[in-house]
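Quick notes on the structure that follows.
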There are 2 protein chains.
Amino acid sequence: MVTMKDIAAKACVSISTVSLVINHRDKGRVKPDIAATIWKVAEELGYHPNAMARSLRSGRTHTIAFISDQVATTPYAGEIIHGAEDAARQLGYMMFIIDADDERDISGDIDRMLSWGVDGYIYAKFANRYISVPPTLDDMQVVVVNAEERTVIHPRIEPDEFSIGYDATTRLIHAGCRRIAYIGCDEPAIAQVGRFKGYRQALKDAGIPFDKRLTSRVSHGRPALEAVCKLLDDTHPDGVFAFNDARAVYVYDYAFQHGLTIGEDLSVIGVDNHEVICDTTVPALTSVELPHYEMGFWGACKIISMIEGTDPIEQERVTPSYNAASMPPLDTDGPARIHCAIVEKESIVGGPRTHDDSEPAQTAGSDANPSSSASADGSRRPQRR
Amino acid sequence: MVTMKDIAAKACVSISTVSLVINHRDKGRVKPDIAATIWKVAEELGYHPNAMARSLRSGRTHTIAFISDQVATTPYAGEIIHGAEDAARQLGYMMFIIDADDERDISGDIDRMLSWGVDGYIYAKFANRYISVPPTLDDMQVVVVNAEERTVIHPRIEPDEFSIGYDATTRLIHAGCRRIAYIGCDEPAIAQVGRFKGYRQALKDAGIPFDKRLTSRVSHGRPALEAVCKLLDDTHPDGVFAFNDARAVYVYDYAFQHGLTIGEDLSVIGVDNHEVICDTTVPALTSVELPHYEMGFWGACKIISMIEGTDPIEQERVTPSYNAASMPPLDTDGPARIHCAIVEKESIVGGPRTHDDSEPAQTAGSDANPSSSASADGSRRPQRR
DNA sequence: GTGAAAGCGCTAACAA
DNA sequence: TTGTTAGCGCTTTCAC
């Protein structure tokens with residue numbers, strides 16, 4: 001390992017001089033030609049400053065820990081991690097990853113983090129859920145992403161579930177739908193409650209009466225398919241808002257079986273903009289995209305702002321890879337809620353709306369910031385394969 | 001921050017004594033009651049050893065870096081990360097995560113890793129692809145996961161693509177299929193080549209002539225659906241082996257349109273055991289599962305074995321969360337290839353095979369280790385929601 | 001402008 | 001059985 005000592009020896013100066021130069025503190029203190037020599041020697045020797053030694057002195061490690069359950073099991077995990085890593089990297093931080101399976105005791109991992117002197121923690125879930133942050137972290141800097149604490153302690157960000165339901169339903173109404181079904185999730189999730197409220201509010205605002213028979217809560221597999229078919233057979237809706245894309249698929253199955261064409265005879269909108277489903281549905285499913293990348297990005301910016309006491313977004317020290325507009329400010333009172341854009345495909349009658357004629361619904365009772373719509377031609381995500 | 005100094009002061013001993021005790025090197029060197037006092041004081045004060053200081057001395061950080069493209073964009077990312085994290089954690093290592101977007105220059109990140117003195121590197125892709133490890137890492141410890149280098153330098157693990165094709169096709173043959181279609185991928189990927197070879201070999205071994213008209217290479221969306229429908233219309237196969245689950249979906253669409261029932265009139269098998277597709281297909285799609293978790297796990301074990309010069313698996317210092325049987329040994333000559341199990345669902349005529357009557361095909365020309373089949377009732381993955 | 005020296009928290013060789 | 005001491009690589013104060 002090359003050290004400052006080696007450089008000092010080769011450049012015939014003292015270690016402190018090397019330190020000054022390497023840390024760019026040599027302005028008017030070290031002769032420029034000496035500084036140049038030092039840089040040259042450092043380069044030649046392939047010098048890399050020893051982060052460990054540095055941290056030992058400074059007490060700051062420039063690392064954060066990303067703790068999450070279900071790193072493994074959800075397809076969206078990567079986007080949150082990616083967003084957080086992206087922001088962390090741009091701000092000079094490295095990110096540890098810790099899988100916190102619900103069943104597993106993570107106190108050992110937390111001890112290890114404490115040993116490392118990690119500067120801050122991101123605690124994330126991959127579905128908007130209730131969690132409790134381990135009390136060991138009580139006097140650490142913690143940000144909660146895509147989840148809610150029963151007793152709120154830490155700053156957090158979550159999707160604006162209400163406006164997902166509101167916007168999706170409104171989109172169908174604008175396409176001319178009047179009998180709009182809701183295919184829900186059979187579990188009482190935060191997401192379910194919010195989206196359903198948004199659905200009802202949108203109907204109300206449009207003067208369309210709510211009809212319970214148009215709603216159903218399903219899980220997966222054959223029972224779900226049968227429930228959806230029954231709903232469609234019984235009530236013949238002209239639009240369907242599905243809790244998520246997976247549940248929207250059953251509407252496609254029904255349509256294939258009955259010779260209907262989605263996007264012509266029947267409009268459908270889902271949630272998740274799930275890559276594989278959007279890839280494989282014909283016509284492609286229009287869907288509301290949950291901004292996982294953005295939530296991760298926000299989380300990392302937030303935790304780093306707490307560590308450093310400055311706002312990296314305001315200071316423009318950091319740029320998200322996409323969709324910067326939808327990033328809520330870091331210093332919101334209460335939870336940050338992030339707006340979710342509709343990704344237009346082909347499953348709604350009348351075809352994709354262009355950006356121009358869409359005015360995202362202003363969500364009553366929601367503190368969403370001004371929304372940004374994704375482009376009409378689909379996801380803003382990088383394409384796979 | 002609580003230090004050994006603090007403990008020493010409170011326990012009225014010297015720092016070295018504390019060090020000896022904390023590091024369990026006090027056997028017959030420190031009086032047991034003194035040791036006990038030290039532990040008590042450490043506990044009271046909430047002492048955590050300072051990993052930084054430790055590493056500074058030892059030159060070892062007990063950290064590894066997981067470098068990968070597409071952390072973001074694939075649903076399987078999480079499983080590889082999860083597997084690697086699982087092994088690393090059990091072996092006392094922490095894992096940094098680095099997103100290496102293809103376009104992005106990661107030399108800065110690597111510099112940071114070098115500064116950190118990360119002990120080893122896992123270089124992973126999420127589809128079995130060709131890669132080149134940055135030359136900066138040439139004299140570091142590196143393991144390649146789910147990818148292949150053009151000029152092989154580092155140990156690596158990848159799925160046994162040949163036997164995926166062979167096993168899937170053989171499974172259909174055992175179910176009585178004789179006209180087996182192959183719906184391939186339109187790109188020349190490593191996976192594509194191997195799976196197709198396996199398909200042909202299985203046909204050959206069963207004495208079934210290869211018929212080019214039964215094969216098609218498709219991408220996604222409407223053109224793919226149309227190509228698949230044409231293939232099925234023209235050739236009326238009794239079984240379909242699809243390159244992946246996403247491509248198998250088009251067969252379902254065709255079946256719905258034509259009043260056919262998958263698993264009765266037509267058998268289908270995919271690859272990926274993609275959660276959302278397996279959740280939503282009716283009847284559920286039988287699929288070959290790529291052991292992402294296991295590859296990540298193997299990768300971490302391998303890199304740590306290289307760092308430490310011992311084999312943690314042989315020493316039983318580590319236990320995978322599932323499917324331990326399929327883990328190849330760490331010290332294979334050449335690349336480790338990992339066998340992929342069929343996850344039985346309902347899309348093959350005759351219903352799921354039980355474990356008993358399935359003898360996984362011994363793959364000619366492949367050095368796969370003895371395979372382990374997943375249980376007949378589906379994935380071994382933890383369930384989402 | 002430059003260098004000597006102390007010290008971050010810990011380990012390990014050596015002394016007592 | 002316990003304590004003293006040097007030093008890991010770096011930063012920072014202070015003297016020259």
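Predicted model, so just to flag it, every value in this text is computed and none were measured. Atom set for the values below is all heavy atoms of this structure, side chains included, hydrogens, waters and symmetry mates excluded. Just so we're on the same page: letters track the sequence lines, and every chain starts at 1.
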Worksheet entry | Side-chain ion pair, A/Glu308 and A/Arg317, N-O less than 4.0 Å | yes
Discussion item. So if I take residues 31-43 of chain A and measure heavy-atom distances to DNA chain C, which residues fall below 4.0 Å?
Written reply: A/Lys31, A/Ile34
Practice prompt. Please list, chain by chain and in numerical order, all residues satisfying salt bridge (Lys or Arg N to Asp or Glu O under 4.0 Å) with B/Asp26, sequence neighbours excluded.
Written response: none
Worksheet item: Considering the terminal five base pairs at each end of the helix from C/dG1-D/dC16 to C/dA16-D/dT1, what angle separates the two local helix axes, rounded to 10°?
Response: 50°
Worksheet item: Looking at CD1 of A/Ile303 and OH of A/Tyr123, how far apart are the two atoms once the value is rounded to the nearest 0.5 Å?
Response: 13.5 Å
Practice prompt. Apply side-chain contact (heavy atoms from CB on, under 4.5 Å) to B/Thr319 and list each qualifying residue two or more places apart in sequence or on a separate chain.
Written response: B/Gln90
Worksheet item: What's the spacing between B/Ile338 CD1 and B/Ile157 CD1 if we round to 0.5 Å?
Response: 4.5 Å
Item to complete: Start with the C-alpha distance between A/His24 and A/Trp39, add both sets of side-chain angles, then the distance that settles ring-ring contact (aromatic ring centres under 6.0 Å, His included), and finish with yes or no.
Response: CA-CA 11 Å; A/His24 303 100; A/Trp39 281 118; 5.4 Å; yes
Worksheet, complete the sentence: Those residues at least two apart in sequence (or on a different chain) that pass ring-ring contact (aromatic ring centres under 6.0 Å, His included) with A/His154 are none
Practice prompt. Walk along DNA chain D from 5' to 3' and tell me the first and last nucleotide with an atom closer than 4.0 Å to a non-hydrogen atom of chain B.
Written response: D/dT1 to D/dG9
Worksheet item: Between CD of A/Glu79 and CG of A/Asp86, what distance do you get to the nearest 0.5 Å?
Response: 10.5 Å
Worksheet item: Salt-bridged, A/Arg156 to A/Glu148, with N to O below 4.0 Å?
Response: yes
Discussion item. Within the 4.0 Å limit for protein heavy atoms, which parts of nucleotides 5-11 of chain C are touched? Write it as a string from 5' to 3', B for base, S for sugar-phosphate only, - for none.
Written reply: BBBBBBB
Response to the item:
Residue set satisfying side-chain contact (heavy atoms from CB on, under 4.5 Å) with A/Asp331, at least two apart, ordered chain then number -> A/Pro329
Item to complete: Take atom CD of A/Gln315 as the centre, draw a 6.0 Å sphere, and report whether it contains more than 12 heavy atoms from other residues, nucleotides or ligands.
Response: yes
Response to the item:
Residue set satisfying ring-ring contact (aromatic ring centres under 6.0 Å, His included) with B/Phe96, at least two apart, ordered chain then number -> A/Phe96, B/Trp116
Worksheet item: Which residues satisfy the ring-ring contact (aromatic ring centres under 6.0 Å, His included) test with A/His62, sequence neighbours excluded?
Response: A/Tyr93
Worksheet item: Do A/Thr17 and A/Ser14 have a side chain donor and acceptor closer than 3.5 Å?
Response: yes
Practice prompt. Using a cut-off of strictly less than 4.0 Å between a heavy atom of the residue and any atom of DNA chain D, enumerate the qualifying residues of residues 6-14 of chain A by number.
Written response: none
Discussion item. To the nearest 0.5 Å, what is the distance between CE on A/Met113 and CD1 on A/Ile110?
Written reply: 9.0 Å
Discussion item. Show the nearest heavy-atom pair for residues A/Ile106 and A/Pro134, with the distance to one decimal.
Written reply: CD1-CG, 4.1 Å
Discussion item. Within residues 113-120 of chain A, which residues have any heavy atom lying less than 4.0 Å from an atom of DNA chain C?
Written reply: none
Worksheet item: Would you call B/Glu44 and B/Lys10 a salt bridge, using N to O less than 4.0 angstrom?
Response: yes
